[in-house]
There are 2 protein chains.
Amino acid sequence: MPGLPAPQQNHLLAALSVEAQNRLFPHLELVSLPLGKVLYESGDSLRHVYFPTNAIVSLLYVMESGASAEISVVGKDGLIGIALFMGGESTPSRGVVQSAGYAYRLLGQRLKDEFNRHGELLQLMLRYTQALITQMAQTAVCNRHHSIDQQLCRWLLLSIDRLPDNQLTMTQELIANMLGVRREGVTEAAGKLQKLGVIEYNRGHITVLDRPRLEQLSCECYAVVKKETDRLLPYVFPRLNR
Amino acid sequence: MPGLPAPQQNHLLAALSVEAQNRLFPHLELVSLPLGKVLYESGDSLRHVYFPTNAIVSLLYVMESGASAEISVVGKDGLIGIALFMGGESTPSRGVVQSAGYAYRLLGQRLKDEFNRHGELLQLMLRYTQALITQMAQTAVCNRHHSIDQQLCRWLLLSIDRLPDNQLTMTQELIANMLGVRREGVTEAAGKLQKLGVIEYNRGHITVLDRPRLEQLSCECYAVVKKETDRLLPYVFPRLNR
DNA sequence: GTATGTATGTTCGGCATCGTACAGAGCGAG
DNA sequence: CTCGCTCTGTACGATGCCGAACATACATAC
C-alpha cells in the first residue's frame, strides 16, 4: 500500500504553476470517497469542488422513473463541481463514487477567490469544462447509435484510464446502471468479451487483459473524446493511458 | 415583414448592461443564415461567435458512419461558438442552421477582449454554458430511455420556443437527422400527433395547435431543461415561451 | 457447516426500432 | 399539362433490447 495520495496525482492540480499550487494547496482537504458515496444530489447547493486522485466519480442523470444514465466519468483527470465556478452553484445531476479512493476538496469560495485574482486557474477550468462537454455530447450520440457491446468496451476504457492498473471493482449491476441498460445485457456483453479473452471477471472484479483489442471492439466514441481531450489539455495529460 | 432584426432580440445580448452593449454592439455584424448552412465543421477553427435572433442552429455530432445526432439546439436564447471563449477554439461538433433567419456575429478576439476587461460578460457566458451543458446531458439520457414519440414532442417544443410563432419549416427527413432516427419513425410519430390534433403538417411545414397537450406527451426532459435554464438565467429568459 | 445474501447465467415472449422497398401525393420547372 | 423531384405513407421481416422469472454459484457470517 502506498501512503496518502499527493495532490499532484490529480492532473488538473498538477498542471497549475508552482505559484498557484502554493496558494491553493494549503486549503486542500484530503477526503476518502467510499464506493457508492453520493457527493451531491440533483439540485444540491455545492460547497466544495473535488479533485480525485485515485477515485472515480460518475455524473448520473436520474429520471423520474428512477432509471438513470451516466453522462460522464471523472477521475484523476478532472474535478467534480463545475457548477460552482460556472455560476449555477448546482446541477440536475448526481455525483456518485464509482470506484473508491481519495480526493482533495476545496471550498467553493476559495476557488472563486483564486479565479478572480489570477486568470490561470480560470483558463484551465474552462478548458477542462470543454473537454467534459465533449464527453457528454459523445455519450449522447453513443446512447443513440451504438450497441451495448460497444458501449461496454468504451466504458471499460474510460474506467481503466482513470485507475492505477487494469483492474476494477464493479458489479455488472452497477455497470448496467451507468450505461442505463439491463443487468442481463451487461452479463451477455461481458460474457462475450471474456470468451474472446479480452477481459476476465469474477464477482465484482474485472481485469482488462487485452487493451488494444478492447479499443478495436469499442465504438469510435472513446477515441473521439480522447483525442479531443488531448488536444484541449495536452500538458495536463501527456499520457493518460499507460 | 418586419425590418432587420435588432441585436436585443437575442436574449443574451439583451441581458448585458447598457455599458457592455455600447462597447460590443458597434462590432456586431448582421448575417443571414439560410437553411442548412454549416456555421462550422467538426474541428474547424472558429473566427466568430453567432448570436441568433430568429434563426435556429443545431449542434450535431456526426459519426464515422455518417449517422448523426443533435446534441443541443440554439436560437435567440443563446450563442454558437462557446469553444472560442472556453479556450478550445474548436469542437468536434458541427453547427447547422435548422431554421433560416438572422444572427449577429462577433469576432472571437473582440469577445475575448471584453472578457478580460469586464467580468460581466464572462459570468453571463459561463452561466449560459452551464445551461447548455444541461441540455446536452438531458439529451444523452433522453436518447437512452425515451420513445421516438416522446422525443419528437420534446424536439417540437424546443423548436417553437425559439421561433416567433407556432409554425416551423422542417421536413420529417431533417427532424429524423436531428433525432438520430429513421425518417419513417418520424412519419409515424408525427402521424399520431396529427391524428390527436396536436399538430398539423404538410410538406415541410409543421404547425403546433395544442402546446399544452404537446408538453403532456413529451418526456420530462423538456421540462427539466427548461426549469434549469430558468434557474440559471432568470433575467435573461423572463418568459422564453409565449 | 449451514444459512443467507449477492453476483452471475439463462431463457422466454414482447416490443420498439431498424433496413429496405415501394407507392402515392404535392409542387415547381419546362 | 406534364415531367421530375421531393415529401410523406405503408408494409415487411430482422434485430437488439426489454421485463420477468428463475437457476446457479460463490462469499461471508454465524
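In what follows, chains carry the letters A, B, and so on, assigned in the order in which the sequence lines appear, proteins first and then strands, with residues in each chain numbered from 1. FYI, side chains are in, hydrogens and waters are out, and symmetry mates aren't considered; it's all heavy atoms of this structure.
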**Partner residues of A:Arg94 under the side chain to side chain donor-acceptor pair (under 3.5 Å) criterion, sequence neighbours left out** = A:Glu41
**Request:** Measure the CD-CG distance between A:Glu228 and A:Leu232 for me, rounded to the nearest 0.5 Å.
**Result:** 4.5 Å
**Complete:** At a 4.0 Å cut-off to heavy atoms of chain B, the contacted part of DNA chain D spans D:dT6 to D:dT10
**Item:** Those residues that, when tested against A:Ile206, pass side-chain contact (heavy atoms from CB on, under 4.5 Å) (two or more places apart)
**Value:** A:Leu156, A:Leu168, A:Ile175, A:Ile199, A:Tyr201
**Message:** Looking only at side-chain N and O atoms, does A:Tyr40 offer a donor or acceptor that is under 3.5 Å from a partner on A:Ser45?
**Reply:** no
**Residue among B:Leu79, B:Asp77, B:Ile71, B:Ile82 satisfying side chain to side chain contact (heavy atoms under 4.5 Å, CB included) with B:Leu132** = B:Ile82
**Request:** Summarise how protein sits on nucleotides 3-10 of chain C as a single string, 5' to 3': B when a protein heavy atom is under 4.0 Å from the base, S for sugar-phosphate-only contact, - for no contact.
**Result:** --BBSBBB
**Item:** Rounded distance in Å - CZ (A:Arg144) to C1' (C:dT17)
**Value:** 10 Å
**Request:** Any chance you could lay out the salt bridge (charged side-chain N to carboxylate O under 4.0 Å, His left out) test for A:Asp161 and A:Lys76, step after step, and finish with the verdict?
**Result:** CA-CA 9 Å; A:Asp161 278 356; A:Lys76 58 189 175 191; over 6 Å; no
**Asked** Nearest nucleotide by nearest heavy atom, which residue falls closer to the 5' end of DNA chain C, A:Arg182 or B:Gln151?
**Response** A:Arg182
**Residues in side chain to side chain donor-acceptor pair (under 3.5 Å) contact with A:Gln135, at least two apart in sequence or another chain** = none
**Message:** By the salt bridge (charged side-chain N to carboxylate O under 4.0 Å, His left out) test, which pairs, at least two apart or in different chains, include something from residues 192-207 of chain B?
**Reply:** B:Asp149-B:Lys192
